[in-house]
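Notes follow the structure.
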Amino acid sequence: RPKARVIFSDVAIVAPRNDLPTLSFRVANERVNHVVQARLQVTLVRSEVTTEGDRFRRMVDLALARSESPAFVLTWLALHPIDEESPLHGVTPESFADGMMEILVIFTGWDETLAQTIYSRQSYVSSELRWNHRFRDVIRLGSDGSREVDYARFHETEALPTAASSASG
């Protein structure tokens with residue numbers, strides 16, 4: 001049975017990008033073929049308590065800077081700017097963990113090789129978020145000038161020299 005070979009970074013990061021806290025994670029196409037009409041849907045799942053004292057799990061969509069790509073071949077860095085409208089505004093590593101929050105990601109697209117729609121999913125819990133880190137560069141030029149993904153470094157991050165530890169900007 002054919003399998004989608006879409007991979008996600010092992011961790012997501014929250015760090016400044018253009019002076020705005022931003023949630024980001026990586027997606028790659030290990031098959032290195034064309035996936036057309038690729039789409040990412042990102043949802044924050046958090047624990048909330050009603051005024052009556054009942055605890056429940058609320059799902060809130062997180063808007064991405066770009067949620068669709070006409071052609072997904074190598075990698076995709078998904079970015080959710082954490083502005084005043086973001087459900088993550090003001091969240092700290094501690095409040096993310098205390099709120100039992102989770103980031104759910106669904107990838108869909110049309111795989112030209114398989115001639116079918118593919119799906120892949122990932123989730124990020126508190127222990128899988130890196131605050132004030134950045135992803136290491138993974139795109140390199142091959143000897144023929146083509147772009148290649150260095151999968152050995154795909155999941156690697158590095159700490160930023162200095163930054164605030166909350167998503168409040």
Side-chain angles (χ1 to χ4, degrees), residues 3-30 35-72 75-111 116-136 138 154-160 162-169:
K3 183 180 175 198
R5 293 193 42 204
V6 173
I7 62 169
F8 294 87
S9 53
D10 290 339
V11 298
I13 61 174
V14 177
R17 187 172 190 91
N18 294 324
D19 297 324
L20 188 64
T22 303
L23 169 76
S24 61
F25 57 89
R26 281 183 171 156
V27 184
N29 180 359
E30 282 188 307
V35 175
V36 297
Q37 297 177 332
R39 184 172 190 278
L40 286 170
Q41 179 181 355
V42 182
T43 304
L44 172 67
V45 181
R46 64 183 176 206
S47 182
E48 292 188 8
V49 178
T50 66
T51 54
E52 296 78 21
D54 297 326
R55 182 171 293 278
F56 70 102
R57 302 286 282 165
R58 178 180 300 273
M59 295 188 176
V60 183
D61 291 334
L62 298 180
L64 295 178
R66 182 175 188 93
S67 61
E68 296 183 17
S69 178
F72 173 56
T75 65
W76 186 347
L77 181 63
L79 303 167
H80 167 70
I82 303 173
D83 58 16
E84 296 80 20
E85 303 298 316
S86 169
L88 291 174
H89 187 263
V91 170
T92 65
E94 296 78 22
S95 66
F96 192 93
D98 291 346
M100 297 180 285
M101 295 183 200
E102 182 176 2
I103 306 292
L104 298 176
V105 182
I106 304 294
F107 173 92
T108 58
W110 178 261
D111 187 306
Q116 65 186 28
T117 301
I118 58 172
Y119 302 89
S120 192
R121 63 181 166 78
Q122 175 73 0
S123 72
Y124 298 102
V125 294
S126 178
S127 62
E128 297 163 325
L129 259 61
R130 300 290 177 267
W131 297 77
N132 302 313
H133 277 235
R134 67 175 165 220
F135 286 108
R136 294 189 186 267
V138 293
F154 184 76
H155 304 284
E156 293 180 9
T157 67
E158 58 189 3
L160 295 174
T162 59
S165 63
S166 78
S168 62

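The analysis underlying the following values was restricted to heavy atoms, covering all of them including side chains, and did not include hydrogens, waters or symmetry mates.
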The side-chain contact (heavy atoms from CB on, under 4.5 Å) partners of Glu52 (sequence neighbours excluded) come to Thr50, Asp54

dist Phe135:CZ -> Glu158:CD (nearest 0.5 Å) comes out at 11.5 Å

**Request:** Could you check Met101 against Val91 for side chain to side chain contact (heavy atoms under 4.5 Å, CB included), going step by step and ending with a plain yes or no?
**Result:** CA-CA 10 Å; Met101 295 183 200; Val91 170; 4.2 Å; yes

Paired with Glu156, the salt bridge (charged side-chain N to carboxylate O under 4.0 Å, His left out) test is passed by just one of Arg26, Arg130, Arg134, Arg136, namely Arg136

So CZ of Arg17 and CD1 of Ile82: to nearest 0.5 Å the spacing works out to 12.5 Å

- Task: Taking the side chain as every heavy atom from C-beta outward, state whether Leu160 and Pro16 have any atom pair closer than 4.5 Å.
- Result: yes

Test log, rule side chain to side chain contact (heavy atoms under 4.5 Å, CB included), inputs Tyr124 and Val42: CA-CA 11 Å; Tyr124 298 102; Val42 182; over 6 Å; no

One should read off an interatomic distance between Thr157 OG1 and Trp131 CH2, to the nearest 0.5 angstrom, of 14.0 Å

Centre-to-centre under 6.0 Å for Phe107 and Phe8, is that the case here?
no

When Asp111, Ile118, Ile7, Val35 are each screened for side chain to side chain contact (heavy atoms under 4.5 Å, CB included) with Asn29, the one that passes is Val35

Separation between OG (Ser24) and CH2 (Trp76), nearest 0.5 Å, reads 14.0 Å

Rounded to the nearest 0.5 angstrom, the CG-CD1 distance for Leu77 and Ile13 is 7.0 Å

Working for side chain to side chain contact (heavy atoms under 4.5 Å, CB included), residues His80 and Leu44
CA-CA 11 Å; His80 167 70; Leu44 172 67; over 6 Å; no

- prompt: Does Arg57 reach the side chain of Ser47, with side-chain heavy atoms less than 4.5 Å apart?
  reply: yes

